[in-house]
Visitor: 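Sharing a structure with you now.
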Amino acid sequence: MLRVLLCPPTYFDVVDQKNPYMACPGPAEGARESAVDQVRARSQWEILCSVLQQHGCEVETIDPVEGLEDMVFAANQVFAGAKNGYGKFVVPSRMVYPSRQREVPFYADWCRARDYQLIELDYGDDYLEGHGDLLWHPDGSRIYGGYGFRSTLGGVEKFSAAMSKMGVPVVPLHLIDPYCYHLDTCLCPLNNDAALIFPGAYSAEALASLHKFWKRVHLLTVDEAHRFMGNGIVVNGSYITPYVTPQLEAILHEEQLTPVLVDTSEFEKAGGSCFCMKTFLP
Ligand code: ARG
């Protein structure tokens with residue numbers, strides 16, 4: 001059974017601008033009402049959990065912490081994996097924003113209590129934002145590492161050095177579109193041969209390496225990418241996505257996936273959607 005970790009959106013809010021989607025700060029700025037509809041956010045999150053359960057996932061949750069407004073984005077705090085001979089492990093992140101840095105120990109403790117080996121990196125001045133920027137190839141043969149907005153090239157290189165000890169190569173990918181500040185907004189592995197990408201998010205070199213590693217590269221339009229259609233969750237023959245277009249539907253059909261719509265409008269105000277809200281646990 002697939003296990004997946006999420007965090008309830010109890011303290012979720014938009015209080016500052018960490019990415020271009022977060023244009024209207026909430027109460028921390030003063031007079032204005034929060035941009036987030038808390039009731040709607042809670043119900044969208046619950047629907048995401050139940051859709052994951054309907055797809056055969058066992059949903060685990062971590063307790064939300066007051067003051068950590070982005071803790072609901074459970075993809076970022078640790079990178080999780082498993083490798084023969086090493087067992088299950090997590091690499092705690094070093095987040096760029098201080099409020100997000102404070103989320104990491106809670107996730108690391110949660111994983112430590114469940115017998116994950118913690119691989120702590122010495123980040124120095126570098127950053128690395130978990131599954132926001134680090135994506136497994138579905139067969140576990142390599143990891144793609146986005147950098148440029150959040151994770152730094154140095155962070156990806158330090159991660160790469162740690163993974164090379166396990167024999168897993170890391171492919172660095174330079175991101176250049178601020179609306180695709182995390183790799184999970186512009187690369188979505190669909191199966192071992194096919195991925196969805198938004199080409200405008202990558203440097204020429206990064207784009208060339210993506211074409212090298214995937215037999216079928218399906219291109220999202222800028223509108224699809226900026227509406228998080230590349231931030232879906234592939235699970236048991238479905239593609240959980242906030243929106244779908246006829247062209248995305250055709251791609252999914254070709255790859256034998258069925259779109260399943262889950263409204264994430266409240267979370268999109270913070271620059272995240274389905275994929276950002278969970279981590280698959282090995
Ligand atoms: N507001 C959050 C941030 O800017 C959103 C994180 C989205 N997460 C992701 N995996 N793309 O950090």
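For reference, positions follow the sequence shown, starting with 1. Every number for a ligand or one of its atoms is a count from 1 in the order of the listing. Because the structure is predicted, anything quoted here is derived from the model rather than measured.
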Visitor: Should the pair Tyr21 and Phe228 be assigned to parallel (<30°), tilted (30 to 60°) or perpendicular (>60°) ring geometry?
Guide: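 Tilted, since the angle between the ring planes falls between 30° and 60°.
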
Visitor: For the residue pair Tyr147 and His174, does the interplanar ring angle fall in the parallel (under 30°), tilted (30 to 60°) or perpendicular (over 60°) class?
Guide: parallel

Visitor: Checking Lys269 against Phe267: charged group under 6.0 Å from the ring centre and within 45 degrees of the axis?
Guide: no

Visitor: Could you tell me whether the side chain of Ser151 and the main chain of Glu129 form a donor-acceptor pair under 3.5 Å?
Guide: yes

Visitor: Heavy-atom contacts with ligand 1 below 4.0 Å: which residues, ordered by chain and residue number?
Guide: Lys18, Asn19, Met22, Asp70, Phe73, Ala75, Asn76, Arg100, Gly132, Arg150, Tyr181, His182, Asp184, Ala270, Gly271, Cys276

Visitor: Please report the interatomic distance CG(Leu68) to CD(Gln101), rounded to the nearest 0.5 Å.
Guide: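 These two atoms lie 11.5 Å from each other.
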
Visitor: Donor-acceptor pair, Asp126 side chain versus Thr152 backbone, under 3.5 Å?
Guide: no

